[in-house]
There are 2 protein chains.
Amino acid sequence: MTLEDVARAAGVHYSTVSRALDPNKVWRVNEVTRKHVQAVARRMGYQRDMVASGLKRGRTHTVAVVVPDLGNPFIAPILRGIANRLESAGLMPLIGETQDDSERLERILGHLVSRRVDAIILAAARLGDASVLRRVSRQGIPVVLAVRKVPGNRLPACTNDELLGGALAAEHLLALGHHRVAQLRGPSDFYSTLERAQGFSKAVAKAGAVELTVASTAGSPTPDEGARLMRLLLDRSRSVPTAVFAHHDLMALGALTAMRERGLECPKDISLVGFHDLPQVDRVTPPLTTVRQPGEELGRIAAEMTVAMLNSPAQPPSSRSLAPTLIVRQSTAPREPGSPPIESVRKSKP
Amino acid sequence: MTLEDVARAAGVHYSTVSRALDPNKVWRVNEVTRKHVQAVARRMGYQRDMVASGLKRGRTHTVAVVVPDLGNPFIAPILRGIANRLESAGLMPLIGETQDDSERLERILGHLVSRRVDAIILAAARLGDASVLRRVSRQGIPVVLAVRKVPGNRLPACTNDELLGGALAAEHLLALGHHRVAQLRGPSDFYSTLERAQGFSKAVAKAGAVELTVASTAGSPTPDEGARLMRLLLDRSRSVPTAVFAHHDLMALGALTAMRERGLECPKDISLVGFHDLPQVDRVTPPLTTVRQPGEELGRIAAEMTVAMLNSPAQPPSSRSLAPTLIVRQSTAPREPGSPPIESVRKSKP
DNA sequence: TTCACCTAGGCAAACGTTTGACACGTTGGG
DNA sequence: CCCAACGTGTCAAACGTTTGCCTAGGTGAA
């Protein structure tokens, strides 16, 4: 079913059909023929072939969305925000999953330029990805970064205000009277975790409290990695923190199990703050105090920036960072003056 | 950068380049020219234009994946399974979200046929959607159903064995000695919830236990709806169940809050089984006994069936249903001989 | 009446690939 | 020596749109 079929049925030339069906070109065709053609087209159930149209116009009305991990619950709302905003602009999301693997990312980006997507929303950038991105955006495909920035790059980005996020966590813990605090850091090649860590550390330093550090960072933001880092932290010989900031709720959950292994209670012995406010973390034991990231809005704005770039390629939108909010629940508590001595911790090691 | 550019650089005709670069056509071109052409193409960074190719070949190498709700955590693993399997077949997923709205579904399907996707994986079918589906598949686009079937339809489907799922829940509760049980049903226009309910009811009837029913079903599978149904159930004047099967973990979580409102404890007063085994339901209080659906595998197999249909359109693959497994945690317990009288329940109403 | 101008619609050339048909040159058998 | 067969590469026609340009009328003013 092509333009020509419709044209034949309507008794006009197929270019006329094309114009009658294109909202931007209807002025080129008479009111009455237009109505007639539209009626015929509808009756025949004609659907414009977008791939032919895409070939001709160079617009596929498709936007790639590249995420690290579809299974990670914090991706879902972002995806949702993106999809909704794109749909209202007549665009559809084509998705790719990198699994935080640079080779996969490169392969996927190749596919995407090959498919001539109109733009790419990249929520999976890592620190080392600057050069690939340059290559892609030199091809003329607009790229907007979401969630994770990458430095040395003029690409517009929509991110959390990570400095603020880290600071919120720190200030909350400090306000509760904690002096010895620590972080369980996310993967070191995400710009987001760097800033998050920095925001936290700065606030701690400013308050004159002490931050105990673990050399290691999480390989991926999972409960297992959170547990590993927590164990490392508890194994320190000199001192143990009374409050901990995990860079990801999943890591926080892992940290909770690690604490339980050692016979420590949260928040009585150690307070814990997570990040993201994943679904259901308000229902775990204890309900998790966490820094909420506005996932859906973040996605929506990233998509918004994308359509802005498509509409006026000359003026790239400026980056935005969204303020997270602290959600206080029950995994944080005031420091007990006599917090448990280190010995008791080490003794109860299995 | 087109075939012609590469051809010019390599000193051959562009059709030769096309063949040299197409794995299925390389036999038409001499080993040495082939190598040469490939080298030149790689050096120039040529990428075949898939939209032109798609127009010519009628294959876009794109598969639509239509889901009800990107924000629902039980979708994520399915999406992941699909994406992984598709990627290994050189296909990319184009996603659409229906929000369980028939109009949206129809609009999205329209877009999809317009884009000439190679196939559609529909994980968002509802009972009333048979006719739209017929229309689409008469257009010649392969459709495979995932998660939710729709009756009166020869479309291949990959689903949970819902009858078994319901039965597993029932048998577990019966084995714990519960005589008065009930279900919190999911939306009545999902085929999956119908079967799930039926599997449960049959097992209950077979064991001669009594199933208390609530007339209402959930409008959507959310905690709020779960809570609503649970309140309805507890408001029954005659008797209250000692065990409840919620058709969705989220509904189960809502049911828990409803129980707490009434001063009831889980599992002491009422045992509760959920469905899906969403991430983190092992960490809520009490850790949820639930029926685990193999989400990622389900997605993988749906994708598998899709590529099978693309490779041999003549022989549509037969439907498959995957066995769920019961995950016993701590929201279920043996019935206490003297379970609380109805009065105590009603008195503690706020 | 002539001419300029306008409107509405037809014509045909793209967009970048793919692919059947063909051409050309070589080889081998009769 | 001729013809068939084969291997390799070129030609050109699609695929279904979009769109600049042109034409054919029609209108109004000089």
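Chain A is the first sequence line, chain B the second, and so forth, proteins listed ahead of strands; every chain is numbered from 1.
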> Looking only at atom types and distance, does a side-chain atom of A/Thr193 sit under 3.5 Å from a main-chain N or O of A/Asp189, one as donor and one as acceptor?
Replying inline: no
>> Protein within reach of the bases, or only the backbone? For nucleotides 10-15 of chain D, mark each nucleotide 5' to 3' as B, S or -, using heavy atoms under 4.0 Å.
In response: BBB-BB
> Has A/Arg48 got a side-chain N or O lying under 4.0 Å from the OP1 or OP2 atom of D/dT18?
Replying inline: yes
> How many Å lie between CZ on B/Arg34 and P on D/dG7, as a whole number?
Replying inline: 17 Å
> Quick one: ring pair (Phe, Tyr, Trp, His ring centres under 6.0 Å) partners of A/Phe74, sequence neighbours excluded?
Replying inline: A/His248, A/His276
>> Going by the rule salt bridge (Lys or Arg N to Asp or Glu O under 4.0 Å), which residues pair with B/Asp49 if we only count those two or more places apart in sequence or in a different chain?
In response: A/Arg116
>> I need the CZ-P distance between A/Arg116 and C/dG16, as an integer number of Å.
In response: 8 Å
> Quick one: do A/Asp129 and A/Arg148 make a salt bridge, cutoff under 4.0 Å?
Replying inline: no
> In degrees rounded to 10°, what angle is found between the helical axes fit to the five outermost pairs at each end of the helix from C/dT1-D/dA30 to C/dG30-D/dC1?
Replying inline: 70°
>> Testing the 3.5 Å rule here: is there a donor-acceptor pair between the side chains of A/Arg115 and B/Thr62?
In response: yes
>> Please determine whether a side-chain nitrogen of the Lys or Arg among A/Glu297 and A/Arg320 lies less than 4.0 Å from a carboxylate oxygen of the Asp or Glu.
In response: no
>> Under 4.0 Å from OP1 or OP2 of D/dT17: is there any side-chain N or O of A/Ser18 that close?
In response: no
> Tell me, which pairs form a side chain to side chain donor-acceptor pair (under 3.5 Å) where one or both residues lie in residues 16-25 of chain A, sequence neighbours left out?
Replying inline: A/Asp22-A/Arg57
>> If you take any heavy atom closer than 4.0 Å to DNA chain C, which residues from residues 38-47 of chain B end up in contact?
In response: B/Tyr46
> Atom CE of A/Met1 to atom P of D/dG16: distance rounded to whole Å?
Replying inline: 12 Å
> So, B/Ser114 side chain and A/Gln47 main chain: donor-acceptor pair closer than 3.5 Å or not?
Replying inline: no
> For A/Lys25 and C/dG10, what is the distance between atoms NZ and C1' respectively, to the nearest whole Å?
Replying inline: 16 Å
>> Looking at A/Lys35 and A/Glu31, is any side-chain nitrogen of the basic one under 4.0 Å from a carboxylate oxygen of the acidic one?
In response: yes
> Can you check the B/Leu21 CG to C/dT17 C1' distance for me, whole Å?
Replying inline: 12 Å
